[in-house]
Amino acid sequence: MKKRRFSRALAAALLALLFAALLGGCENEPPKPVRLVIQTPLQEMNSVSNPHIRDATAFLKQASAAFAAQYKKAPVLPEVMTFNRVDEVKAVPGSFGTETSPDILFGAFFNLAGYVDMGRVVPLDDFVSPLLKPDLDPQSLDAGSRKGQVYLLPFLNVQNILIYNKELFRRCGLENYIGHGREIQDWTLPEWQHILDTLAARLPHGIYPLAVYAGSNEGDTHILTFLRAFGGKIFDSEGRFDFQNPATVKALVWLQEGVRRGWFPPHPENLELKDCSELFANGQLAISPFNNSNSVLAGQLDEYGFVNFPGTVATTFYRGFAVLDNGDPARVQAAKDFLAYLYAHDEWRDLSAGNIPASRRTLRKYRDRIPMLDEFEHNAVNVVNFTNKSPNWQGREDSFRSVFWPNINKLLALKITPEQCAADLDRACNAALEQGRKLQKLHP
């Protein structure tokens with residue numbers, strides 16, 4: 001009997017030892033590698049702290065590699081993926097549920113907001129409030145917030161105005177319209193018409209007055225700005241689109257008339273932003289959109305003049321980060337830790353300088369080296385909120401950006417009247433807005 005009891009006791013002890021050994025073995029196993037997918041559209045970065053960084057892809061590759069090298073919680077395998085802006089719907093929501101679904105997106109807030117409204121983006125207040133909030137520009141934080149929570153982490157912003165070729169103005173007898181230094185000018189609407197008509201009449205063959213384009217959704221933000229030229233607000237008091245407002249219809253008339261008067265390159269409905277940028281860089285375009293991310297022109301700014309969009313309007317693009325939930329808590333945590341690392345280290349945070357940094361600390365450090373910073377700050381009173389925080393702006397086939405530009409394409413192709421265009425825009429864009437409001441949900 002005693003022998004049997006002893007055997008049972010021994011078996012129990014051995015079982016306990018085995019269980020402890022198994023637990024110990026689990027504790028000593030190295031953590032599993034964490035894949036970290038970072039996506040960004042092709043976008044320039046005019047960085048004064050490191051002029052070798054010329055675009056977002058190079059920035060993110062170097063920063064994520066440095067983060068992975070020092071991360072202690074688990075081995076991190078970062079992968080930076082770049083897509084063309086016009087391919088965002090395919091690259092981002094088209095990858096959801098696959099191995100290339102992003103954990104981090106770096107881009108413009110007006111695009112990233114669509115993924116917030118889908119419920120894919122996790123709130124970042126757990127480390128923004130105590131650590132970063134005092135250092136971040138309040139307006140940029142507000143632009144990335146929904147219902148009091150921060151979903152998009154601002155890194156930098158750019159102000160969008162127009163740039164013009166002073167030499168082409170001189171050749172056309174428009175010296176009196178050239179500004180002083182790098183001031184951001186304003187021309188009245190009659191002055192705009194005189195300038196554009198004069199350029200159309202006097203520029204040599206193959207050189208054109210003004211960049212307008214509608215070959216893809218890239219033209220939407222600048223076209224929306226042109227549509228404010230006669231005082232139209234785009235949105236009504238309830239936040240719905242109101243393109244049939246008389247002032248906005250007048251701007252649509254102005255745009256279409258510009259096609260007939262030769263203000264734009266031939267067939268602007270088929271052009272994209274990159275086409276107009278190349279024309280301007282080659283001296284074949286007198287006036288084109290501009291912001292302080294344009295590193296190509298950064299060293300030649302004194303050769304150009306600067307002016308607000310017609311109607312004394314400018315816009316701001318906030319750029320920064322979103323962390324997406326792919327159903328793996330380890331990937332979400334690694335993504336958050338990467339952002340915390342990025343903003344805590346001067347080497348990476350300061351790459352935002354050259355553009356306008358969201359970090360006040362970086363702004364103070366580099367303000368004397370950021371091109372046109374004083375001019376952009378002075379011009380901030382003319383900046384309008386062109387999205388109005390509307391849901392379903394981007395990210396779906398029925399989003400605003402998907403349905404807006406085809407109507408402008410038809411307008412510039414002279415296939416519809418401005419009045420028809422306004423009615424079609426109201427119908428399509430408000431349907432996108434209503435769909436967004438109906439489907440809108442936030443990650444808890």
Salt bridge between D302 and R182, side-chain N to carboxylate O under 4.0 Å? yes
Donor on one side chain, acceptor on other, N282 and E278, under 3.5 Å: no
Can a salt bridge be assigned to the pair D374 and R367 using a cut-off of 4.0 Å between side-chain N and carboxylate O? yes
Out of Y318, W348, F59, which residue meets the ring pair (Phe, Tyr, Trp, His ring centres under 6.0 Å) rule with F155? F59
Tell me whether the rings of Y341 and H345 are parallel (<30°), tilted (30 to 60°) or perpendicular (>60°). tilted
Under a 3.5 Å threshold, yes or no: a donor from one side chain and an acceptor from the other, between N355 and N292? no
Considering only heavy atoms from C-beta outward, does the side chain of Q435 approach that of R396 to under 4.5 Å? yes
Does K365 pair with D346 as a salt bridge, N-O distance under 4.0 Å? yes
K233/D242 salt bridge by N-O under 4.0 Å criterion: no
Measure the shortest side-chain to side-chain distance between D350 and Y366 over non-hydrogen atoms and say whether it is less than 4.5 angstrom. yes
Sorted by chain and residue number, the ring pair (Phe, Tyr, Trp, His ring centres under 6.0 Å) partners of F306 (sequence neighbours excluded) come out as F290
Could you walk me through whether L373 and L363 pass the side chain to side chain contact (heavy atoms under 4.5 Å, CB included) check? CA-CA 10 Å; L373 179 62; L363 181 62; 3.7 Å; yes
Of F109, Y115, F106, the one forming a ring pair (Phe, Tyr, Trp, His ring centres under 6.0 Å) with F321 is F106
Mind telling me whether Y177 and W187 have parallel, tilted or perpendicular rings, with 30° and 60° as the class edges? perpendicular
T362 and S352: side-chain donor and acceptor closer than 3.5 Å? no
Is it true that N392 and D117 share a donor-acceptor pair across their side chains at a distance under 3.5 Å? no
Do the rings of W192 and W254 sit parallel, tilted or perpendicular, given the 30° and 60° boundaries? perpendicular
Reference residue L425; test side-chain contact (heavy atoms from CB on, under 4.5 Å); the match among T248, I408, V403, I234: I408
Charged N to carboxylate O below 4.0 Å: is that the case for K274 and E218? no
Would you call K336 and D126 a salt bridge, using N to O less than 4.0 angstrom? yes
For D197, run the salt bridge (Lys or Arg N to Asp or Glu O under 4.0 Å) check against R202, R261, R260 and tell me which one passes. R261
